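Only one structure is covered here, and it is reproduced in the block below.
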Amino acid sequence: MAAALDSPLYLGFDFSTQQLKVVAIDADLNVVHQNAVQFDSELPEFRTRGGVHLHADGLTVTSPVLMWVKALDLLLDKMKRAGFDFFRVRALSGSGQQHGSVYWRTGASETLNRLDPDQNLYQLLQDSFSVSDCPVWMDSSSSQQCQDLQAAAGGALRLAEITGSRAYERFTGNQITKLQQNRPEAYQHTERISLVSSFAASLFLGDYAAIDYSDGSGMNLLDIRTRNWSEICLRAAAPHLDRLLGAPLPSTSVLGNVSSYFVRRYGFSESCSVVTFTGDNPASLAGMRLQQGDIAVSLGTSDTVFLWIQQPRPALEGHVFCNPVEWQAYMALLCFKNGSLTRERVRNECAGGSWEVFSAALRDTPLGNNGNMGFYFDTMEITPPAVGVHRFDRDDTKQVSSVSPQVEIRAVVEGQFLSRRVHAERLGYSIIPGTRVLATGGASSNKEILQVLSDVFNAPVFTIDLSDSACLGSAYRALHGLVAESGVCFFDVVKKAPEPQLVATPHPAAEEVYSQMLKRYARLEDRVLQESRT
Ligand code: 5FX
């Protein structure tokens, strides 16, 4: 049944790298409006490519903060022109690309508090930032600062135990340190540092918004267990950081109502709540409605694995973040560079470029591949940091130089999924009754690949369309934020969302075959890693 024309709506924004997107849902979780602004093509005056500026050193990557501000003006104007009724919005939330940082100039909070609804935000906030080009997640120019932070924290593993990750160049703490060292004046004139997510929330709130626990976990500064800033990390990173960052808050908090600027300029209701914004990956976890025991495997150019975990076990690879929908839980994120491109290379070399032939090879070869196993790192892998193709047959003592095309096809797919499972388990993932594997991305349309995924994880595989998961997750979080304080669980609020489709169930022999292979894979991976280092 169609919702009444005055029934409540919930908005989810996503300030991602290349565009700003919005989704509106009704109380039954139906999507009723979608809109977007592409940075490169719709805001060409900022001269970005893919939403960023790549600097001459090849390492520094930034985005203009006023481009994000202007994109919001443009997006809200587009919605208004499309006849979107802002008055029906009961709550809004959003997400941002993770790790990026915004530097508000001294005095900016007064400007935010008194925004004149006759002008756009771009005009009003011209002088509000002490740094015009913000470091973003693609930046890798802070290696020295990473080393220094790890040394101050007592080593890489100790830092991972505190903050959920060893030091990463793109993580905000290291970016702030670099900025404070290279541009001390700009730092001195800064009264507040936001993440992209909390910066966006601040615009709606007309005041500085808190950083939420989940996106805050991508900074190398938050103690993910106490959910407070780590004193050791703050002290090592830069002066006055506790004042500049403000206190972090649970990801489900209501920050306040939308500022009078939006009420008067766009017709929002005065009682429209702003729910804490978070990072795009945490918001996607909410959009996919990932639950305890679930694992999401995104099979794209690179493969990303998200998981819901109860007990974090931070390691030297991957990231553990506070969970965005349930405050006692955690999520983990792993990135594997050799994903689709490697599968395609093997398809081209062993199956004449045909997915049908590739799939037939998977059907015609046995689970476990008669003991053949491979590591296919065409480019330097992130997890683990190793490179090259390494094949082993039943006899582990030495590598073999080639195998038949059919064996090669099964070896690449099994090898990739064994790796996803081994590394997920190292971060605290465990298969429990009811565990689901949610597959998304290009390769998730190939049934035979998904059958191998199901067998290796010994769990049913479901597919889910993820195109707007961060936006949708933000709209779900807006809805949940209104009732979270009274103890209502996120999953009760999103019960009506479309269910993922079951596409594969594990073979009865899968557990026996792959439990052995997982151990062997981990052992051989150590060897490959050592060989890559020498
Ligand atoms: C996660 O750690 C990342 O750096 C990226 O996925 C960004 O969040 C992309 F926006």
Side-chain angles (χ1 to χ4, degrees), residues 12-21 36 38-39 48 50-52 54 59-63 67-68 71 94-102 134-142 146 160 163-175 194-200 211-222 224 251 277-288 290 296-307 314-324 330-337 339 382-383 423-424 427 440-441 466-471 473-474:
F13 293 86
D14 180 32
F15 286 71
S16 73
T17 314
Q18 308 202 21
Q19 58 181 331
L20 168 59
K21 284 185 284 185
Q38 304 291 333
F39 300 144
T48 56
V52 300
L54 292 169
L59 299 172
T60 308
V61 186
T62 57
S63 288
M67 175 180 77
W68 296 330
S95 63
Q97 51 171 297
Q98 294 201 258
H99 320 298
S101 44
V102 172
C134 304
V136 295
W137 66 279
M138 293 163 80
D139 187 286
S140 51
S141 65
S142 65
C146 286
T163 70
S165 306
R166 67 163 167 83
Y168 283 87
E169 278 88 351
R170 68 187 193 286
F171 273 43
T172 328
N174 309 306
Q175 293 293 338
S194 295
L195 292 177
V196 178
S197 56
S198 60
F199 145 79
I211 291 174
D212 77 297
Y213 295 158
S214 199
D215 207 14
S217 315
M219 302 174 77
N220 276 148
L221 295 178
L222 188 82
I224 57 164
S251 307
F277 284 35
T278 191
D280 53 0
N281 292 303
S284 283
L285 175 131
M288 287 188 275
L290 214 69
V297 180
S298 161
L299 302 168
T301 310
S302 53
D303 289 353
T304 312
V305 169
F306 288 0
L307 28 141
L316 288 178
E317 61 201 14
H319 312 298
V320 177
F321 300 147
C322 295
N323 190 294
Y330 295 86
M331 69 174 280
L333 183 81
L334 283 159
C335 197
F336 302 85
K337 224 191 224 167
I382 299 174
T383 324
H423 291 280
L427 282 173
T440 72
L466 258 191
S467 40
D468 275 321
S469 60
C471 252
S474 299

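Because the structure is a prediction, the values reported are computed rather than measured. One-based numbering, in listed order, for ligands and for the atoms of each.
Looking only at atom types and distance, the side chain of T17 has a donor-acceptor partner in the side chain of W137 under 3.5 Å away. Side-chain atoms of S298 and T304 include no donor-acceptor pair closer than 3.5 Å. Side-chain contact, Q175 with H99: no donor N or O sits under 3.5 Å from an acceptor N or O.
When all heavy atoms of S165 and F171 are compared, the pair lying nearest together is OG-CE2, 3.5 Å. Across Y168 and C146, no two heavy atoms sit closer than the pair C-SG, 3.4 Å.
Taking a heavy-atom cut-off of under 4.0 Å, ligand 1 is surrounded by T17, Q97, Q98, H99, W137, R170, D280, N281, L333.
Residues H423 and E317 meet the side-chain proximity criterion, which asks for heavy atoms closer than 4.5 Å.
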